[in-house]
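Presented below is the structure to which this report refers.
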Amino acid sequence: MSSLSSRARGAVSRAADNPGLEHLTRAGFIGYGILHLLFAWVIARVASGGPTADRDQSGAMQEIADEPFGLALILAIVVGLVAMAVWQVLEMFRGRLLTERMASAGRAAFYLYLAFSGIKVLRGKKSSSADTQQDTAEGLLASSGGRVTVIAAGLILAGIGGWLAFVGFTGRFEKHLRVGEMAAGTRRLVRRLGAAGFVAKGLAYGIAGALFVIAAWRYDPDKARGLDAALRTLAGEAYGTGLLLVIAVGFAAYGLFALTEARYRKV
């Protein structure tokens, strides 16, 4: 049994170290960064009161689709996201700690979720993850025990937001980077981009999670729309414009950080 396990682990390691997969994964980080930069633009438009599609990553992809060569760019992003998901699945099997495996599984699921949103756009369908989340929450709130499920989902989402903010504040993201290859100035810049980006994402996901809990408490599925609901809620507050602009800058910083990961991430 141990021999079989060793052979399986060796096969996974060889697959994970495949140069082709590494190149696709690094290209995926470029697409991931572009997606965050576009999402930052969407948030900035929300802050300025301009018209937007859904205020989340799927809405950002819809914005891309309307531009020249947009569908080709989305296809490239989807291929990169799938490669990133495969890489994380392999990392999950290579991981020795349960927390590492769970983190890899979560990242793989998120990359596949974004890739699926992109595929829907490529097929000419309106990719609205916000509508899907609202419909799911509405169905759950109408069922027995569904309220608890929505609250649990909200708490998990808020927990993810808290963890992202913690990673940003503590600089834990640097352990995944080849910092030894960076010049001192580059490392300072990457550290600042990562800190701002992770904290901004943590704040946005934390607010989204809190709104899920409120949706369950008040039986209001309109608030269970993930990032879309979080940004809409902020836009309606007196202090919302300033906070939205801060979050937009943070997501732009994360997008630039992801672009640096294309070169320096340990893959």
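Counting begins at 1 with the first residue of the sequence. Values reported hereafter were calculated over all heavy atoms of this structure, with side chains retained and with hydrogens, waters and symmetry mates removed.
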Nearest 0.5 Å, please: how far is [atom2] in [Y] from [atom1] in [X]?
X    : Y    : atom1 : atom2 : answer
I34  : L256 : CD1   : CG    : 11.0 Å
T260 : R191 : OG1   : CZ    : 12.5 Å
H23  : T25  : NE2   : OG1   : 10.5 Å
L259 : L193 : CG    : CG    : 9.5 Å
I160 : L164 : CD1   : CG    : 7.5 Å
I119 : L75  : CD1   : CG    : 9.5 Å

With respect to I43, which candidate in I247, L245, V249, L38 satisfies the side-chain contact (heavy atoms from CB on, under 4.5 Å) definition?
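The option that passes is I247.
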Please report the shortest heavy-atom distance between [X] and [Y], naming the atom on each side.
X    : Y    : answer
V78  : A115 : CG2-O, 3.8 Å
G197 : A253 : N-CB, 4.1 Å
L21  : A83  : CD1-O, 3.7 Å
A40  : A252 : CB-N, 3.5 Å

Show the numbers, then the answer: is there a side chain to side chain contact (heavy atoms under 4.5 Å, CB included) between L203 and V246?
CA-CA 10 Å; L203 177 61; V246 169; 5.9 Å; no
[X] versus [Y]: any side-chain heavy-atom pair under 4.5 Å?
X    : Y    : value
Y32  : L114 : yes
E174 : R187 : yes
W163 : R172 : yes
R178 : K266 : yes
L90  : V86  : yes

Keeping [X] on the side-chain end and [Y] on the backbone end, is there a donor-acceptor pair under 3.5 Å?
X    : Y    : answer
R107 : A85  : no
R26  : R265 : yes
S104 : R101 : no

hydrophobic_cluster_shared for [Y] and [X], side chain cutoff 4.5 Å:
X    : Y    : value
V267 : V179 : yes
L112 : F116 : no
I156 : Y205 : yes
V167 : L157 : yes
Y254 : F166 : yes

Could you label the plane-to-plane angle of the F198 and F257 rings as parallel, tilted or perpendicular, counting under 30° as parallel and over 60° as perpendicular?
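Perpendicular.
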Below 4.0 angstrom, N of the basic side chain to O of the carboxylate: do R263 and E181 qualify?
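The answer is no: the pair does not qualify as a salt bridge.
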When you look at F251 and V42, which way does the side chain to side chain contact (heavy atoms under 4.5 Å, CB included) test go after all the steps?
CA-CA 10 Å; F251 268 85; V42 169; over 6 Å; no
